[in-house]
Number of protein chains: 2
Amino acid sequence: MYECNNQPGRSMDILQSFWRLKKAIMAQVKQIAHNHELSVPQFGILITMSHKGKITQKTLQERTHFPKSTLSHAIDGLVLNGYLMRTPVEGNRREMDLSLSEAGHQLIKDIQSQPDSVHTRLTHAVNSFSEEQFNALIDMHQHIAAYLEDGDIQ
Amino acid sequence: MYECNNQPGRSMDILQSFWRLKKAIMAQVKQIAHNHELSVPQFGILITMSHKGKITQKTLQERTHFPKSTLSHAIDGLVLNGYLMRTPVEGNRREMDLSLSEAGHQLIKDIQSQPDSVHTRLTHAVNSFSEEQFNALIDMHQHIAAYLEDGDIQ
DNA sequence: ATAGAACTGTTCAAAAATGAACTATTAATG
DNA sequence: CATTAATAGTTCATTTTTGAACAGTTCTAT
């Protein structure tokens, strides 16, 4: 298609830069999750559910890419703590419908508004970005993620 | 500084976007690492070491933010497989000096040039970005990471 | 010098995350 | 229909990662 190595540093640069960012964000995620007695996957589930209403466990798996067993365990815990509601889907004795309980919504709000949460810190970190910059960042992330996810299938 | 919540969606957007990207990249990392009988931390160490020459284990810890025990185990394995050289630092019976062996350098090259490695895929994913876009992405990552890392100290 | 504090790296036990085998249900095929 | 294949979710064993206690070394302040 074209020369791959005309910018030989790019892949290493992006990987190192991403790795550092990942470490920084995940450190905060772990701390906040731990403060609320959540595992990291559980936190991830809450993030994902925060916009969705009712969603099937299968669909949640497609969204989050968590292994089935990880999901099952994490959901168990969330249900046990009353953050998530799990009901069999209507006319189907196999699939499970999931939705955030009132407590679940409240938990997310609490975390978001907590002054030392990832959310708050990220908001601050990103505060100096212009609307264009911010959107460009999100777009590039999505572009890369979509590309990599595609690659898995082929 | 100014109103934090004028863009209430930002933190959630960035977190979801980042989470998705993280999943996509880490899935590839795990696969490549596994193919070469490496753990994820070991892969991370190689990434970090690829630019450095001789570096102290303590310094490596500061760079990678891996827990001491994780580092110790991961390094053990790398030394055992001949990818890393570990020698006591001159005139200091406590600290350890680390450097990539010839085999270690070779391994990194192999991985980088493999057509299905994260490196290659990332390079492709990022190929449509202009120089400015790419640099902006890296800069924003660094900015966010630096901000979050600072927060830890305070 | 010397006692105590601080620091680097290892070890070992515990916690977190995952893969693989399994159960129960639904869909597909002859 | 009945039999086989495919699917959703759970369970259990294993792997991976991590925290905490530890051993040995260096630094600090008397």
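Each chain gets a letter, A, B and so on, in the order the sequences are listed, and its residues count up from 1.
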Contact check, side chains of B:Ile14 and A:Thr123, non-hydrogen atoms, under 4.5 Å: no
Integer-rounded Å distance: D:dT10 C1' and A:Leu98 CG: 14 Å
Nearest to side-chain heavy atoms of B:Ser72, which nucleotide of C:dA17, C:dT11, D:dG19: C:dT11
5'-most by nearest nucleotide on DNA chain C - B:Thr56 or A:Ser69: B:Thr56
Side-chain N,O (B:Lys30) to OP1/OP2 (D:dT16) below 4.0 Å: no
Side-chain N or O of A:Thr70 closer than 4.0 Å to phosphate OP1/OP2 of C:dT18: yes
Nearest-angstrom distance from the residue atom CD1 of A:Ile55 to P of D:dA8: 14 Å
Nucleotide nearest B:Gln57 (side chain, heavy atoms from C-beta), chosen from D:dG9, C:dC12, C:dT10: C:dT10
Closest listed nucleotide, where the reference is the side chain of A:Arg94 and the choices are D:dA20, D:dA6, D:dC12: D:dA6
Whole angstrom value for the distance that separates P of C:dT8 from CD of B:Gln61: 8 Å
Distance, rounded to the nearest Å, where B:Met26 contributes CE and D:dT16 contributes C1': 12 Å
Quiz item: cation-pi between A:Lys30 and A:Phe43, 6.0 Å / 45°: no
First of A:Met96 and B:Asn92 reached from the 5' end of DNA chain D, by closest nucleotide: A:Met96
Earlier contact from the 5' end, DNA chain C, for B:His73 and A:Pro41: B:His73
same_hphob_cluster(B:Phe129, A:Ile138) at 4.5 Å side-chain heavy-atom cutoff: yes
Spacing of A:Lys58 atom NZ relative to D:dA6 atom C1', expressed in whole Å: 11 Å
Nearest-angstrom distance from the residue atom NZ of B:Lys68 to C1' of C:dC12: 14 Å
Phosphate contact (C:dT10 OP1 or OP2) by B:Arg86 side-chain N/O below 4.0 Å: yes
side-chain N/O B:Ser39 vs D:dT15 OP1/OP2, d < 4.0 Å: no
For atom CD1 of B:Ile45 and atom P of D:dT17, their distance in whole Å: 11 Å
Close side-chain approach of B:Thr48 and A:Gln16, heavy atoms under 4.5 Å: no
Upstream residue (5' side of DNA chain D) when B:Pro67 and A:Thr59 are each assigned their closest nucleotide: A:Thr59
Residues B:Arg20 and A:Glu149 bridged, charged N to O under 4.0 Å: yes
Length of the line joining B:Glu62:CD and C:dG9:C1', which is rounded to integer Å: 14 Å
